[in-house]
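Take a look at the structure set out below.
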Amino acid sequence: MECEGILLGMGNPLLDISAVVDQDFLSKYDIKLNNAILAEEKHLPMYDEMTSKYNVEYIAGGATQNSIRVAQWMLQIPGATSYIGCIGKDKFGEEMKKNSKLAGVNVHYYEDESASTGTCAVCVVGGERSLVANLSAANCYKSEHLKRPENWELVKKAKYIYIAGFFLTVSPESILLVAEHAAANNKFFMMNLSAPFICEFFRDAQEKALPYMDFVFGNETEARTFSKVHGWETENVEEIALKISQWPKASGTHKRITVITQGPDPVVVAEDGKVKLFPVILLPKEKLVDTNGAGDAFVGGFLSQLVQQKPMEDCVRAACYAANVIIQRSGCTYPEKPHFK
């Protein structure tokens with residue numbers, strides 16, 4: 001297969017500031033576990049407090065960037081993946097560039113002069129995580145950057161394009177540009193529900209992009225929120241996955257496939273009016289380090305096989321393998337080489 005730049009990601013690059021915190025810290029900043037939110041005014045002091053009070057790790061993150069890094073790691077083919085997003089001209093931005101190059105991803109960042117590189121507080125308690133993202137520069141991405149020839153070249157080269165739902169809050173215009181390109185050129189366009197707040201508060205932008213999505217990823221909480229927002233009156237994840245897969249499509253080239261994870265319960269895959277369940281790799285509680293990046297890693301593993309045109313079983317198996325590796329480590333990090341057969 002023609003590999004160079006086959007997979008493109010576009011999203012909010014954030015430097016993860018990850019630490020094991022305590023329940024008091026969560027309560028102080030009104031943070032719930034297993035949730036992802038955008039930072040409000042009341043959350044801003046927490047970043048400094050985390051760095052001064054806890055033992056923090058800095059990891060190049062942001063949902064889409066995590067998935068692309070994991071896909072690149074699984075593929076082990078230099079330059080197979082590329083990524084677009086906005087960072088600031090600062091030390092965190094430099095850290096991010098260094099990190100991504102080491103990961104083998106071809107990054108084309110838009111560097112904003114006025115805003116600092118986005119950060120995401122990853123608060124871990126008992127292995128469960130909560131994310132509070134301060135988008136900052138990531139919020140400044142402009143479609144003009146995407147239209148520059150050297151960046152649009154990445155879009156033209158890619159056969160698979162993946163964007164986490166979080167980018168709907170930043171540049172829906174950029175999303176539609178690549179979605180329309182994918183539909184017109186028989187490529188695969190894929191998105192993630194990403195967080196309950198995206199389904200609730202960015203419903204219009206999500207609905208505009210949905211007809212173009214060939215794959216929709218998400219977890220059970222996001223799926224149930226999506227169902228509630230659309231008045232479907234069902235909490236049954238299999239039913240919801242099916243309904244999402246049957247949403248009208250902008251192009252008839254590919255049928256839509258919905259892939260929903262449910263933590264330790266089986267992965268739900270809806271396609272062609274049918275639902276299949278795939279078991280996950282169960283992990284003893286004592287081996288769980290933290291769940292940050294598990295969903296992103298799942299998608300990365302999945303995409304690593306999809307771009308090689310492997311069957312669904314292999315895509316899900318690779319997805320579960322990648323997620324299983326990541327939850328046994330701190331943050332979205334991985335060993336030097338994958339051991340996926």
Side-chain angles (χ1 to χ4, degrees), residues 8-14 16 31-39 61-71 83-86 118-122 128-135 138-139 141 161-172 174-176 178-179 189-210 212-230 237 240-241 244-245 247 256-263 267-268 291-303 319 322-323 326 332:
L8 168 67
M10 194 160 71
N12 302 336
L14 303 173
D16 280 355
I31 302 166
K32 294 183 187 71
L33 281 177
N34 288 321
N35 200 8
I37 59 171
L38 292 177
T64 308
Q65 187 162 242
N66 283 343
S67 296
I68 297 299
R69 277 175 42 238
V70 170
Y83 176 80
I84 290 172
C86 183
T119 48
C120 181
V122 181
E128 304 293 338
R129 60 86 176 131
S130 188
L131 308 177
V132 184
N134 180 17
L135 294 182
N139 213 12
Y141 190 79
I161 298 165
Y162 172 69
I163 302 174
F166 295 117
F167 201 54
L168 288 164
T169 72
V170 172
S171 188
S174 300
I175 293 175
L176 286 176
V178 297
F189 177 73
M190 304 163 286
M191 283 194 75
N192 204 310
L193 299 176
S194 288
F197 84 87
I198 299 290
C199 305
E200 287 176 302
F201 305 116
F202 294 88
R203 174 181 172 167
D204 291 354
Q206 194 177 52
E207 283 181 4
K208 280 199 182 84
L210 196 58
Y212 297 96
M213 297 180 204
D214 300 305
F215 281 82
V216 176
F217 297 94
N219 66 28
E220 77 280 33
T221 320
E222 295 149 9
R224 288 187 178 122
T225 305
F226 189 92
S227 170
K228 194 175 101 187
V229 165
H230 291 89
V237 174
I240 297 164
I244 293 174
S245 72
W247 193 284
R256 182 182 301 109
I257 298 174
T258 313
V259 183
I260 306 291
T261 59
Q262 311 185 85
V267 176
V268 176
T291 54
N292 181 34
D296 304 337
F298 178 93
V299 174
F302 189 100
L303 297 178
I326 263 76
C332 193

Straight-line distance of [X] [atom1] to [Y] [atom2], nearest 0.5 Å:
{"X": "Met10", "Y": "Ile163", "atom1": "CE", "atom2": "CD1", "value": "3.5 Å"}
{"X": "Leu38", "Y": "Phe166", "atom1": "CG", "atom2": "CZ", "value": "8.0 Å"}
{"X": "Arg203", "Y": "Ile198", "atom1": "CZ", "atom2": "CD1", "value": "14.5 Å"}
{"X": "Ile240", "Y": "Thr258", "atom1": "CD1", "atom2": "OG1", "value": "11.0 Å"}
{"X": "Leu8", "Y": "Ile161", "atom1": "CG", "atom2": "CD1", "value": "5.5 Å"}
{"X": "Ser194", "Y": "Phe217", "atom1": "OG", "atom2": "CZ", "value": "11.0 Å"}

Report yes or no: does [X] contribute a side-chain atom to a donor-acceptor pair with the main-chain N or O of [Y] at less than 3.5 Å?
{"X": "Asn219", "Y": "Thr261", "result": "no"}
{"X": "Glu207", "Y": "Asp204", "result": "no"}
{"X": "Ser227", "Y": "Ala223", "result": "no"}
{"X": "Arg256", "Y": "Leu210", "result": "yes"}

task = Using the six-membered ring wherever Trp is involved, compare the ring planes of Trp247 and Phe226 and label them parallel, tilted or perpendicular (cut-offs 30° and 60°).
result = perpendicular
request  = Kindly assign one of parallel, tilted or perpendicular to the pair Phe302 and Phe215, based on the angle between their ring planes and the thresholds 30° and 60°.
outcome  = perpendicular
For the student: nearest non-hydrogen atoms of [X] and [Y], plus distance:
{"X": "Cys120", "Y": "Leu131", "answer": "SG-CB, 3.9 Å"}
{"X": "Thr64", "Y": "Ala164", "answer": "OG1-N, 3.0 Å"}
{"X": "Gly11", "Y": "Pro13", "answer": "O-CD, 3.2 Å"}
{"X": "Ser130", "Y": "Lys32", "answer": "OG-O, 2.6 Å"}
{"X": "Ser174", "Y": "Phe167", "answer": "CB-CE2, 4.1 Å"}
{"X": "Ala297", "Y": "Ala322", "answer": "O-CB, 3.4 Å"}

query = Would Asp296 and Gln65 count as a side-chain contact (heavy atoms from CB on, under 4.5 Å) if you check the C-alpha gap in whole Å, the side-chain angles of each, and the deciding distance to 0.1 Å?
reply = CA-CA 9 Å; Asp296 304 337; Gln65 187 162 242; over 6 Å; no
request  = Under the side-chain contact (heavy atoms from CB on, under 4.5 Å) rule, what do Ile326 and Asn66 come out as? Steps first, then yes or no, please.
outcome  = CA-CA 11 Å; Ile326 263 76; Asn66 283 343; over 6 Å; no
inquiry  = Quick one, Asn12 with Val170, criterion side-chain contact (heavy atoms from CB on, under 4.5 Å). Give me CA distance, side-chain angles, the key distance, then yes/no.
reply    = CA-CA 8 Å; Asn12 302 336; Val170 172; 3.4 Å; yes
query = Would you say the side chain of Ile257 lies within less than 4.5 Å of the side chain of Asp214, judging by non-hydrogen atoms?
reply = no
query = Does any non-hydrogen side-chain atom of Met190 lie less than 4.5 Å from one of Val299?
reply = no
message = Is there a side-chain hydrogen bond (donor to acceptor under 3.5 Å, both in side chains) between Asn192 and Tyr162? Walk through the geometry before answering.
response = CA-CA 8 Å; Asn192 204 310; Tyr162 172 69; 2.9 Å; yes
request  = I would like to know whether Tyr212 and Leu176 meet side-chain contact (heavy atoms from CB on, under 4.5 Å); could you show each step before the answer?
outcome  = CA-CA 9 Å; Tyr212 297 96; Leu176 286 176; 4.0 Å; yes
